[in-house]
Participant: 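Before I ask anything, let me first share the structure, which is written out below as C-alpha coordinates.
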Number of protein chains: 2
Amino acid sequence: MGLSESMKVLADPVRRQIIEKLKTGPQTAGEIANSFELTNATVSYHLKLLKQAGFISEMKDKNFIYYSLNSTVFEDILTWIYQVGGKKNGQAD
Amino acid sequence: MGLSESMKVLADPVRRQIIEKLKTGPQTAGEIANSFELTNATVSYHLKLLKQAGFISEMKDKNFIYYSLNSTVFEDILTWIYQVGGKKNGQAD
DNA sequence: AATCTATTTAGAAATATATCTAAATAGATT
DNA sequence: AATCTATTTAGATATATTTCTAAATAGATT
(Lines give C-alpha, C1' and ligand atoms only; values in the text may rest on other atoms or scores of the structure.)
Protein backbone atom coordinates (compact mmCIF):
# COMPACT_ATOMS: atom_id res chain seq x y z
CA MET A 1 0.00 0.00 0.00
CA GLY A 2 2.45 2.58 -1.14
CA LEU A 3 1.93 6.09 -2.26
CA SER A 4 1.59 5.09 -5.92
CA GLU A 5 -1.26 2.76 -5.16
CA SER A 6 -3.03 5.30 -2.94
CA MET A 7 -2.73 8.05 -5.49
CA LYS A 8 -3.72 5.87 -8.39
CA VAL A 9 -6.83 4.94 -6.47
CA LEU A 10 -7.67 8.59 -5.76
CA ALA A 11 -6.95 9.61 -9.35
CA ASP A 12 -10.21 8.14 -10.57
CA PRO A 13 -13.24 10.46 -10.36
CA VAL A 14 -15.70 7.65 -9.66
CA ARG A 15 -13.66 6.53 -6.68
CA ARG A 16 -13.38 10.07 -5.35
CA GLN A 17 -17.15 10.43 -5.66
CA ILE A 18 -17.60 7.20 -3.72
CA ILE A 19 -15.38 8.60 -0.99
CA GLU A 20 -17.35 11.85 -0.94
CA LYS A 21 -20.60 9.93 -0.73
CA LEU A 22 -19.30 7.92 2.21
CA LYS A 23 -18.51 11.12 4.10
CA THR A 24 -22.18 11.22 5.08
CA GLY A 25 -21.91 7.81 6.73
CA PRO A 26 -21.75 4.09 5.94
CA GLN A 27 -23.70 2.84 2.95
CA THR A 28 -24.35 -0.45 1.25
CA ALA A 29 -22.74 -1.40 -2.02
CA GLY A 30 -26.18 -1.18 -3.63
CA GLU A 31 -26.87 2.34 -2.38
CA ILE A 32 -23.50 3.45 -3.61
CA ALA A 33 -23.97 1.77 -6.97
CA ASN A 34 -27.40 3.38 -7.45
CA SER A 35 -25.91 6.83 -7.40
CA PHE A 36 -23.78 6.12 -10.46
CA GLU A 37 -24.66 5.33 -14.04
CA LEU A 38 -22.54 2.22 -13.83
CA THR A 39 -23.33 -1.41 -13.23
CA ASN A 40 -23.06 -2.89 -9.74
CA ALA A 41 -20.16 -4.98 -10.99
CA THR A 42 -18.22 -1.90 -11.98
CA VAL A 43 -18.89 -0.14 -8.69
CA SER A 44 -17.89 -3.32 -6.88
CA TYR A 45 -14.59 -3.21 -8.74
CA HIS A 46 -13.98 0.35 -7.55
CA LEU A 47 -14.94 -0.55 -4.00
CA LYS A 48 -12.44 -3.37 -4.08
CA LEU A 49 -9.64 -1.00 -5.09
CA LEU A 50 -10.64 1.53 -2.43
CA LYS A 51 -10.70 -1.23 0.18
CA GLN A 52 -7.32 -2.63 -0.90
CA ALA A 53 -5.77 0.80 -0.59
CA GLY A 54 -7.28 1.15 2.88
CA PHE A 55 -9.55 4.12 2.15
CA ILE A 56 -12.70 2.28 3.13
CA SER A 57 -13.69 -0.70 5.28
CA GLU A 58 -16.62 -3.04 5.07
CA MET A 59 -19.01 -4.38 7.67
CA LYS A 60 -21.47 -7.15 6.94
CA ASP A 61 -25.00 -7.07 8.27
CA LYS A 62 -27.59 -9.56 7.03
CA ASN A 63 -26.81 -9.91 3.38
CA PHE A 64 -25.79 -6.31 2.97
CA ILE A 65 -22.26 -5.06 3.00
CA TYR A 66 -21.87 -1.61 4.48
CA TYR A 67 -18.89 0.42 3.39
CA SER A 68 -17.46 3.28 5.40
CA LEU A 69 -14.63 5.78 5.20
CA ASN A 70 -11.26 5.29 6.87
CA SER A 71 -10.06 8.85 7.02
CA THR A 72 -6.71 8.09 8.64
CA VAL A 73 -5.24 6.67 5.46
CA PHE A 74 -5.07 10.00 3.69
CA GLU A 75 -2.18 11.08 5.82
CA ASP A 76 0.65 9.52 3.84
CA ILE A 77 -0.44 11.51 0.86
CA LEU A 78 -0.72 14.72 2.85
CA THR A 79 2.74 14.13 4.25
CA TRP A 80 4.25 13.64 0.83
CA ILE A 81 2.64 16.75 -0.61
CA TYR A 82 3.76 18.81 2.34
CA GLN A 83 7.34 17.67 1.94
CA VAL A 84 7.32 18.51 -1.68
CA GLY A 85 5.93 21.95 -1.56
CA GLY A 86 2.36 22.48 -0.52
CA LYS A 87 1.56 24.96 2.14
CA LYS A 88 -2.23 25.33 2.03
CA ASN A 89 -5.17 27.04 3.44
CA GLY A 90 -5.50 28.80 6.70
CA GLN A 91 -2.32 27.31 7.96
CA ALA A 92 0.89 29.03 8.78
CA ASP A 93 3.71 27.89 6.54
CA MET B 1 -6.28 20.86 -14.88
CA GLY B 2 -8.70 19.05 -12.69
CA LEU B 3 -8.07 16.94 -9.70
CA SER B 4 -8.11 13.72 -11.70
CA GLU B 5 -5.38 14.94 -13.97
CA SER B 6 -3.24 16.20 -11.07
CA MET B 7 -3.58 13.01 -9.12
CA LYS B 8 -3.01 10.80 -12.12
CA VAL B 9 0.20 12.69 -12.74
CA LEU B 10 1.32 12.25 -9.12
CA ALA B 11 0.35 8.57 -9.10
CA ASP B 12 3.42 7.63 -11.13
CA PRO B 13 6.59 6.98 -9.12
CA VAL B 14 8.93 8.29 -11.81
CA ARG B 15 7.08 11.58 -11.86
CA ARG B 16 7.13 11.85 -8.07
CA GLN B 17 10.86 11.21 -8.13
CA ILE B 18 11.29 13.96 -10.71
CA ILE B 19 9.40 16.31 -8.41
CA GLU B 20 11.54 15.29 -5.46
CA LYS B 21 14.67 15.82 -7.50
CA LEU B 22 13.52 19.30 -8.47
CA LYS B 23 13.08 20.22 -4.82
CA THR B 24 16.83 20.88 -4.74
CA GLY B 25 16.51 23.47 -7.53
CA PRO B 26 16.06 23.80 -11.28
CA GLN B 27 17.69 21.19 -13.47
CA THR B 28 17.98 20.49 -17.17
CA ALA B 29 16.02 17.74 -18.86
CA GLY B 30 19.32 15.93 -19.38
CA GLU B 31 20.32 16.05 -15.74
CA ILE B 32 16.92 14.75 -14.75
CA ALA B 33 17.01 12.01 -17.35
CA ASN B 34 20.46 10.86 -16.23
CA SER B 35 19.20 10.00 -12.79
CA PHE B 36 16.79 7.43 -14.18
CA GLU B 37 17.29 4.19 -16.03
CA LEU B 38 15.04 5.43 -18.77
CA THR B 39 15.65 7.01 -22.14
CA ASN B 40 15.59 10.78 -22.53
CA ALA B 41 12.48 10.39 -24.64
CA THR B 42 10.64 8.67 -21.81
CA VAL B 43 11.69 11.25 -19.26
CA SER B 44 10.66 13.97 -21.68
CA TYR B 45 7.23 12.38 -21.83
CA HIS B 46 6.93 12.52 -18.04
CA LEU B 47 8.15 16.12 -17.97
CA LYS B 48 5.47 17.02 -20.48
CA LEU B 49 2.75 15.55 -18.25
CA LEU B 50 4.13 17.29 -15.18
CA LYS B 51 4.23 20.57 -17.07
CA GLN B 52 0.69 20.16 -18.43
CA ALA B 53 -0.61 19.57 -14.93
CA GLY B 54 1.21 22.67 -13.74
CA PHE B 55 3.59 20.98 -11.31
CA ILE B 56 6.70 22.25 -13.06
CA SER B 57 7.68 25.08 -15.37
CA GLU B 58 10.42 25.37 -17.91
CA MET B 59 12.95 28.09 -18.64
CA LYS B 60 15.18 28.05 -21.69
CA ASP B 61 18.82 29.06 -21.52
CA LYS B 62 21.13 28.44 -24.46
CA ASN B 63 20.03 25.13 -25.78
CA PHE B 64 19.20 23.75 -22.38
CA ILE B 65 15.76 23.63 -20.88
CA TYR B 66 15.70 24.06 -17.13
CA TYR B 67 12.77 22.62 -15.26
CA SER B 68 11.70 23.80 -11.84
CA LEU B 69 9.01 23.08 -9.28
CA ASN B 70 5.78 25.03 -8.98
CA SER B 71 4.82 24.21 -5.45
CA THR B 72 1.58 26.20 -5.40
CA VAL B 73 -0.25 23.69 -7.55
CA PHE B 74 -0.36 21.03 -4.88
CA GLU B 75 -3.00 22.94 -2.99
CA ASP B 76 -6.08 21.67 -4.79
CA ILE B 77 -5.14 18.19 -3.82
CA LEU B 78 -4.50 19.15 -0.22
CA THR B 79 -7.86 20.89 -0.11
CA TRP B 80 -9.67 17.84 -1.41
CA ILE B 81 -8.02 15.48 1.03
CA TYR B 82 -8.78 17.81 3.92
CA GLN B 83 -12.43 17.97 3.01
CA VAL B 84 -12.67 14.27 2.78
CA GLY B 85 -11.09 13.25 5.98
CA GLY B 86 -7.45 14.03 6.51
CA LYS B 87 -6.52 15.79 9.66
CA LYS B 88 -2.82 16.43 9.67
CA ASN B 89 -0.94 19.66 9.34
CA GLY B 90 2.65 18.77 8.73
CA GLN B 91 3.44 17.94 12.31
CA ALA B 92 4.39 14.44 13.28
CA ASP B 93 1.51 12.51 14.72
C1' DA C 1 -34.81 -27.12 0.58
C1' DA C 2 -35.96 -23.75 -2.84
C1' DT C 3 -35.71 -19.29 -4.05
C1' DC C 4 -34.83 -14.48 -3.67
C1' DT C 5 -31.60 -10.56 -2.86
C1' DA C 6 -27.16 -8.27 -2.52
C1' DT C 7 -22.90 -8.44 -3.97
C1' DT C 8 -18.69 -10.22 -6.07
C1' DT C 9 -15.92 -12.74 -9.54
C1' DA C 10 -14.63 -14.11 -14.33
C1' DG C 11 -13.91 -13.15 -18.89
C1' DA C 12 -13.94 -10.04 -22.73
C1' DA C 13 -13.44 -5.62 -25.13
C1' DA C 14 -12.14 -0.84 -25.48
C1' DT C 15 -9.20 2.69 -24.02
C1' DA C 16 -5.23 4.67 -21.74
C1' DT C 17 -0.41 4.57 -20.17
C1' DA C 18 4.62 3.85 -20.14
C1' DT C 19 8.25 2.64 -22.64
C1' DC C 20 11.36 2.08 -26.56
C1' DT C 21 13.82 3.33 -31.13
C1' DA C 22 14.27 6.44 -34.78
C1' DA C 23 13.56 10.87 -36.67
C1' DA C 24 12.84 15.86 -36.14
C1' DT C 25 13.78 20.47 -34.13
C1' DA C 26 16.22 24.31 -32.39
C1' DG C 27 19.89 26.59 -30.81
C1' DA C 28 25.19 26.81 -30.25
C1' DT C 29 29.74 26.21 -31.96
C1' DT C 30 33.09 25.64 -35.41
C1' DA D 1 26.93 26.97 -43.70
C1' DA D 2 27.91 22.64 -41.52
C1' DT D 3 27.77 20.16 -37.62
C1' DC D 4 27.18 19.18 -32.85
C1' DT D 5 24.25 19.02 -28.60
C1' DA D 6 20.02 18.95 -25.92
C1' DT D 7 15.63 17.90 -26.17
C1' DT D 8 11.15 16.67 -28.11
C1' DT D 9 7.96 14.30 -31.30
C1' DA D 10 6.22 10.23 -33.88
C1' DG D 11 5.15 5.65 -34.25
C1' DA D 12 5.12 1.12 -32.34
C1' DT D 13 4.43 -2.19 -28.65
C1' DA D 14 3.46 -4.10 -24.18
C1' DT D 15 0.96 -3.56 -20.12
C1' DA D 16 -2.68 -1.71 -17.20
C1' DT D 17 -7.27 0.14 -16.46
C1' DT D 18 -12.20 0.66 -16.86
C1' DT D 19 -16.21 -1.03 -18.22
C1' DC D 20 -19.60 -4.42 -19.61
C1' DT D 21 -22.40 -9.01 -19.46
C1' DA D 22 -22.97 -13.35 -17.51
C1' DA D 23 -22.15 -16.50 -13.92
C1' DA D 24 -21.04 -17.51 -9.06
C1' DT D 25 -21.54 -16.93 -3.99
C1' DA D 26 -23.58 -16.25 0.37
C1' DG D 27 -26.91 -15.16 3.34
C1' DA D 28 -32.12 -14.41 4.20
C1' DT D 29 -36.82 -15.63 3.57
C1' DT D 30 -40.49 -18.54 2.34
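All values below were derived from every heavy atom in this structure, side-chain atoms included, with hydrogens, water molecules and symmetry-related copies excluded. Quick note on labels: first sequence line is chain A, next is B, and so on, each numbered from 1.
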Participant: Phosphate oxygens OP1/OP2 of C:dC20: is one of them under 4.0 Å from a side-chain N or O of B:Thr39?
Facilitator: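 So the side-chain polar atoms of B:Thr39 do come within 4.0 Å of the phosphate oxygens OP1 or OP2 of C:dC20, strictly under.
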
Participant: Once you apply a heavy-atom cut-off of 4.0 Å, does B:Tyr67 come out as touching a base, just sugar-phosphate, or nothing?
Facilitator: sugar-phosphate

Participant: What is the distance, to the nearest angstrom, from the NZ atom on B:Lys60 to the P atom on C:dA28?
Facilitator: 11 Å

Participant: Looking only at side-chain atoms of B:Phe64, point me to the closest of D:dA6, C:dT7, D:dC20.
Facilitator: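 Closest of the options to the side chain of B:Phe64: D:dA6.
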
Participant: State which of C:dT9, C:dA18, C:dT19 makes the closest approach to the side chain of B:Leu38.
Facilitator: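 So the side chain of B:Leu38 is nearest to C:dT19.
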
Participant: Return the nearest nucleotide to the side chain of A:Asp12; candidates are D:dT18, D:dT9, C:dT19.
Facilitator: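 Closest of the options to the side chain of A:Asp12: D:dT18.
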
Participant: Looking only at side chains, do A:Glu20 and B:Trp80 share a donor and an acceptor under 3.5 Å apart?
Facilitator: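 Result is yes, a qualifying pair exists.
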
Participant: Do A:Phe64 and A:Leu47 share a hydrophobic cluster (ILVMFWY, side-chain heavy atoms under 4.5 Å, transitive)?
Facilitator: no

Participant: Confirm from the modelled atom types if B:Asn63 and D:dT5 form a donor-acceptor pair under 3.5 Å, side chain to base only.
Facilitator: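 Indeed, a donor on one side and an acceptor on the other fall under 3.5 Å apart.
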
Participant: To the nearest angstrom, how far is A:Glu31 atom CD from C:dA6 atom P?
Facilitator: 11 Å

Participant: Hey, is the side chain of A:His46 poking within less than 4.0 Å of OP1 or OP2 on D:dT17, counting only N and O atoms?
Facilitator: no

Participant: Do the side chains of B:Tyr66 and B:Glu58 get nearer than 4.5 Å, heavy atoms only?
Facilitator: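 They are not in side-chain contact.
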
Participant: When the distance from NZ of B:Lys48 to P of C:dA18 is rounded to whole Å, what number comes out?
Facilitator: 11 Å

Participant: Check every atom of D:dT18, D:dT7, C:dA28 against the side chain of B:Lys62 and return the nucleotide holding the closest atom.
Facilitator: C:dA28

Participant: Figure out the OH/P separation between A:Tyr45 and C:dA12, and round it to whole Å.
Facilitator: 17 Å

Participant: Let's see if you can work this out: which of D:dT17, C:dA28, C:dC20 has an atom nearest to the side-chain heavy atoms of B:Thr42?
Facilitator: C:dC20

Participant: May I ask you to test the B:Ile18-B:Tyr67 pair for a side-chain heavy-atom distance under 4.5 Å?
Facilitator: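 When only atoms from C-beta onward are counted, B:Tyr67 and B:Ile18 do not touch, as no gap falls below 4.5 Å.
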
Participant: Taking any strand in view, what nucleotide pairs with C:dA16 in a Watson-Crick or G-U wobble way, both distances under 3.5 Å?
Facilitator: D:dT15

Participant: Between D:dT7 atom P and B:Glu58 atom CD, what is the distance in whole Å?
Facilitator: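 So the CD-P distance, B:Glu58 to D:dT7, works out to 11 Å.
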
Participant: Please report the closest heavy-atom contact between A:Val9 and A:Arg15, naming both atoms and the distance.
Facilitator: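 For A:Val9 versus A:Arg15, the nearest heavy atoms are O-NE, 2.7 Å.
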
Participant: Can you tell me which nucleotide in C:dT7, C:dT17, D:dT18 comes closest to the side chain of A:Thr28?
Facilitator: C:dT7

Participant: Measure from the side-chain heavy atoms of A:Asn40 and tell me the nearest of C:dT7, D:dT17, C:dC20.
Facilitator: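 Of the options given, the side chain of A:Asn40 lies nearest C:dT7.
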
Participant: Closest approach to the side chain of B:Ala41, judged atom by atom: which nucleotide of C:dA18, C:dT5, C:dT21 is it?
Facilitator: C:dT21

Participant: Can you confirm whether or not the ring centre of A:Phe55 sits under 6.0 Å from the ring centre of A:Phe74?
Facilitator: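 Judged by ring-centre distance (under 6.0 Å), A:Phe55 and A:Phe74 do meet the cut-off.
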
Participant: Using whole Å, what does the distance between atom C1' of nucleotide C:dT5 and atom CD1 of A:Ile65 come to?
Facilitator: 12 Å

Participant: Any strand is fair game: report the nucleotide pairing with C:dC4 by Watson-Crick or G-U wobble, both distances under 3.5 Å, or none.
Facilitator: D:dG27

Participant: Whole angstroms only, please: what is the NZ-P distance between B:Lys51 and D:dT8?
Facilitator: 6 Å

Participant: Rounded to whole Å, please give me the gap between CD in A:Glu37 and P in D:dC20.
Facilitator: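 Checked: the CD to P distance equals 10 Å.
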
Participant: At 4.0 Å (heavy atoms only), tell me whether A:Lys8 reaches a base, stays on the sugar-phosphate, or touches nothing.
Facilitator: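 Result for A:Lys8 = sugar-phosphate.
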
